[in-house]
Every structure is written in structure tokens, then in C-alpha cells.
Amino acid sequence: MNSLVPSGSTMSSSTKPHVLAIPFPAQGHIMPLMQLSHRLIRRGFLVTFVNTEHIHERLMAAEQPGKPSSQDFAGEIKLVSIPDGCANGSDRKKFGTFSNIMLKEMPGPLENLILDTNIRDAQKITCVIADVHMFWALEVAEKLNITRVAFWPASAATFSVVASIPQLLEKRVIDSNGFLIEKRPVHLSDTMPAMDPAWFVWLNVGQENEKESFQFLLLCLQSIRSDHILCNSFPEIEFPAINLIKNVMPIGPLLSDMHLQPSKLWTEDTSCLDWLDRQPARSVIYVSFGSLTLLNQRQLLELAHGLELTGRPFLWVSRPDLMDGSPAVYPDGFAGTLAAGRGCVVEWAPQQEVLSHPSIACFLTHCGWNSTMEGLYHGLPLLCWSCFADQHLNEYFIVEVWKVGLRVSKGKDGIVRKEEMKDMLEKLLKDERIRMRAMEMKVRARKNVMEGGDSWKNFTTFVDLIS
Ligand code: UDX
């Protein structure tokens with residue numbers, strides 16, 4: 001077990017309530033739970049944050065010296081890790097397989113960790129907050145008579161689909177392996193918009209993973225029996241879906257920011273902020289596909305050409321592992337475009353700082369839920385390029401329900417052409433109604449987390465309940 005206990009605490013920790021938080025080991029899951037942990041610390045809690053060893057090492061390697069970090073919360077947050085039991089690293093890439101390995105291997109070490117902590121720490125762990133995909137951690141908590149809190153890091157709409165699996169089975173929309181029997185749009189309730197069942201999250205994780213992922217999600221449903229359920233959303237945008245999940249408390253948006261270190265798997269390249277400072281107001285296209293999306297070489301070339309074709313400045317996050325095999329090869333002349341200052345490519349950006357920068361005009365996003373919430377929070381028009389998992393459903397809400405973005409269309413070969421990108425970017429940037437709605441969304445998102453807002457009230461109630 002690794003442990004990092006920041007030194008230099010000046011506060012007495014012995015009187016504080018102690019929470020253990022355990023995220024699913026992926027960037028889009030670690031970040032919102034870390035933000036939730038920081039909020040709890042600000043309300044006087046101690047947090048033990050449990051990562052897998054694999055993730056812990058990556059977080060530590062990505063830490064930037066001299067930046068605000070967990071040291072800000074010296075003594076209040078303890079970062080620890082336990083093994084994920086994965087002998088074959090490639091299994092970590094398959095959601096169902098990896099989840100099942102963790103389910104088998106991690107409960108024992110987690111129980112030992114809690115028991116050890118409770119012996120050594122003056123303040124015993126009295127509450128476990130676990131990502132729904134780590135539902136087994138809640139079973140460990142139940143066994144030890146500790147309050148159980150399930151945390152859903154994605155949209156309430158996706159949660160409501162997963163929570164409705166028993167009804168979908170009963171109505172024979174899906175079979176016992178999660179495959180569609182009917183392909184007609186699904187209404188989960190009178191107030192929910194019709195959803196294309198092809199967007200169901202387990203049907204968008206790669207064909208070889210669908211059945212195993214579905215079976216695993218069925219197990220995750222047990223977490224709905226927890227004492228409390230939290231999700232990273234806010235009522236105004238997802239009221240019907242939130243209503244469908246009994247007892248869920250929306251507390252979002254939970255945002256990633258620079259002060260959330262160590263919660264990033266790559267080191268942020270802050271040089272792009274200087275580059276942004278040199279660009280005109282509302283001119284830059286920001287492009288990011290989150291932490292997991294893979295592109296092939298043909299798509300990379302179309303994307304690079306498409307950005308050049310727009311004639312606008314662009315900031316593109318091209319992760320070191322963005323490619324689905326071979327290393328990224330950029331088009332001829334692309335290096336010249338960058339050298340001329342027309343574009344900036346970084347391996348990992350400080351996304352909050354980027355999105356809040358006045359030079360950003362719009363966000364070309366893969367529609368991961370965190371990026372979606374961050375885009376809404378910053379009032380940006382979104383160009384949606386959904387790829388897998390929950391992203392198609394998120395895209396639907398962005399484009400059809402909230403109307404704060406447009407989508408790019410893929411060709412039959414799955415590739416988004418450069419002309420399509422250019423056309424849709426132009427269309428998006430000219431659309432004043434979208435821009436106005438995005439600005440309204442910014443106000444609503446912020447109001448929710450400010451004192452007196454709905455998410456703030458939910459969080460306050462939650463704090464009272466677990467204190
Ligand atoms: C995954 C799934 O893909 C997504 O669909 C699901 O909703 C959550 O889990 P991911 O693909 O990584 O997440 O996307 P997203 O949810 O958007 O999370 C990425 C996070 O990384 C965001 O908080 C974003 O701010 C951060 N990020 C991204 C950076 O800090 N810097 C970057 O350069 C890019």
C-alpha cells in the first residue's frame with residue numbers, strides 16, 4: 001500500500017469526520033470525486049482518497065512542482081493506493097474485464113485499509129463514497145457498518161438508463177445480455193425525451209465488451225441501495241432524469257481545476273495559456289477528446305487539415321496516447337502552421353483555465369460528461385464529436401435538448417471529413433442563438449453551485465447527513 005500524507009498540517013484533525021473516497025480508475029472518474037473531496041475538506045472533513053497503485057503512480061508522476069496541489073489541504077487529504085489485481089496491463093482497457101478483476105481482487109485490500117486506518121487514526125472512517133462502478137466498496141462499508149454513499153460521475157440521463165435496466169428487460173427492449181430486441185426510441189418517463197436505444201452506454205464500449213459490460217452494470221445497480229446517492233449534474237438541465245432515480249442528490253457541476261492536483265494523469269502544459277493570451281478575444285477553437293478516445297491516422301490528418309481550413313487559431317490537445325496504434329504523423333506543412341503561431345498543440349492542457357480564457361470561441365469536444373459540464377459552466381458553444389460510451393447521449397442533450405451546440409457527421413467509414421469540420425465550426429460560430437443559450441447556461445450552472453443554489457443546498461444537506 002502506498003501512502004502520501006502531506007506534511008505541515010496546522011489544523012487539528014482529531015475532531016473532523018473522516019470520509020474514504022474511491023473512484024473508478026480513469027481520469028473522468030477521478031477528477032469529479034477529487035473535486036467532491038476538496039469540497040468536503042472545505043466543510044471540515046478529513047478524506048482518505050484511494051486510487052489503484054497503477055493510477056497513484058501516474059498521478060504522482062504528473063504532479064507539477066510549485067503548483068497548488070494537495071499540499072493546500074495538508075493533513076486533510078490522505079492519498080493512498082491498493083493494487084487493482086490486474087496482471088495483464090491490456091485488461092485495463094476493457095471496461096467489463098477490468099471491472100470484474102477489481103471486483104474480485106480489491107475488496108480484501110480495501111477492508112484491510114479501512115481496518116488499519118481505523119486502528120491508527122484518531123478519527124475513524126465513518127463514511128465511504130464510492131463510484132457506482134466500484135459498488136463492491138460499498139459492500140465492504142456495509143460489512144464494517146460504515147455509511148455508504150454511491151457517486152455517479154456521468155449524466156443523470158445515463159444513470160437513469162442504467163437504473164432502468166430491470167424495466168428495459170421486463171418490457172423486452174433488451175435481452176438478458178443487454179442487446180436490443182426493439183430499436184424504437186425509448187421513453188423512460190413522460191417527461192424524459194425519447195432516446196435512441198443504440199446510445200445505451202453498454203452498447204458503445206466496443207463489440208467484444210458489450211455483454212460483459214452490461215452484466216457488470218447490472219451488478220453496479222446494487223449501489224442504488226446505498227444510504228445516499230450523489231451525481232455530478234444540476235436539476236435545471238436534467239430534472240426528468242434526476243426524478244427517475246430515487247434519492248439521488250445532484251451536486252454539480254464538479255469542475256476540474258489547477259488546484260485539484262494530484263488528479264491529473266498527464267502533466268498540464270501551461271505554455272498554451274501564454275499562447276492564448278496572444279490571440280484575439282473569442283477567436284480560438286479549443287479541441288479535446290478527453291482522456292480515452294483514440295484516433296486513427298486518417299482521422300488525425302482530416303482533423304489537422306480541418307483546423308487549418310477554418311483559418312482560425314486553434315488549441316488542440318493531442319495526448320501522447322491519442323493514436324490507436326502507430327505514432328501521430330501530422331500533415332506536411334502542419335509544423336509550419338504551428339510555428340507561424342496559427343495553432344498550438346499540447347499533450348495535456350489545464351482545461352479549466354483554457355475554457356475560461358477570453359480568447360476561446362468554442363469547444364470541439366468528444367462530449368465526455370466532465371467536458372460537457374465544464375463547457376456549460378464556461379458558457380461555450382460546443383461542437384460535438386461523440387465517440388463512445390455515454391458520449392452519444394450527452395451529445396443528444398447538448399444539441400437537441402439544451403441546444404447549445406451542433407454535431408459533426410461521420411462518413412460511412414466513421415471518419416469526419418475536413419470540410420464537414422470546417423462547415424460545422426463556421427455554422428456554430430455564426431449562430432447567435434446558440435451563443436446566447438450557452439451564456440444563459442453558464443449563469444444557471446454557476447447559480448447552482450453558489451450559496452443558495454440547488455446543487456449547493458443538496459451538498460449542504462448531504463454534509464449534514466454524513467457529519
Ligand atoms: C470518461 C468517458 O470517456 C466519458 O464519456 C465519461 O462521461 C466520463 O469518463 P473522458 O473521456 O476522459 O471520461 O472525458 P471527460 O469526462 O470529459 O473527462 C476528461 C477530464 O479531463 C475533464 O475534466 C477535463 O477537464 C480533463 N482534461 C482533458 C484536462 O484537464 N486537460 C486536457 O487536456 C483534457
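Atoms within a ligand are numbered from 1 in the order they appear, just like the ligands themselves.
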Measuring from [atom], which candidate in [options] has the nearest non-hydrogen atom?
atom: atom 10 (P) of ligand 1; options: Gln27, His392, His366; value: His366
atom: atom 23 (O) of ligand 1; options: Glu374, Gln351, Gln391; value: Glu374
atom: atom 6 (C) of ligand 1; options: Leu255, Asn394, Asp390, Asn232; value: Asp390
atom: atom 26 (C) of ligand 1; options: Trp369, Trp348, Tyr286, Trp266; value: Trp348

With a 4.0 Å cut-off on heavy atoms, does Ser288 reach ligand 1?
yes
Arg446 NZ/CZ over Tyr377 ring centroid, <6.0 Å and within 45° of normal:
yes
So is Arg39 actually on top of Trp456's ring, under 6.0 Å and inside 45° of the axis?
no
Please work out whether the ring planes of Phe95 and His133 are parallel, tilted or perpendicular, with thresholds of 30° and 60°.
perpendicular
Parallel, tilted or perpendicular: which fits the ring planes of Phe216 and Phe135, with parallel below 30° and perpendicular above 60°?
tilted
Check: Phe363 ring centre within less than 6.0 Å of Trp385 ring centre:
no
Between [X] and ligand 1, find which residue part has any heavy-atom pair under 4.0 Å and reply side chain, backbone, both or neither.
X: Asn370; answer: both
X: Phe388; answer: side chain
X: Arg319; answer: neither

Decide whether an N or O pair under 3.5 Å exists between Glu268 and ligand 1.
no
N/O of Ala349 under 3.5 Å from N/O of ligand 1, yes or no?
yes
Partner of Arg407 under side chain to side chain contact (heavy atoms under 4.5 Å, CB included), chosen from Ile398, Leu383, Val399, Leu382
Val399
Rounded to the nearest 0.5 Å, what separation is found between the CD atom of Glu238 and the CH2 atom of Trp402?
5.5 Å
Taking only heavy atoms of [X], which atoms of ligand 1 are found under 4.0 Å from at least one of them?
X: Lys264; answer: 30 (O)
X: Met31; answer: 23 (O)
X: Ser291; answer: 10 (P), 11 (O), 12 (O)

Is it true that a side-chain atom of Trp202 and a backbone atom of Gly178 form a donor plus acceptor pair closer than 3.5 Å?
yes
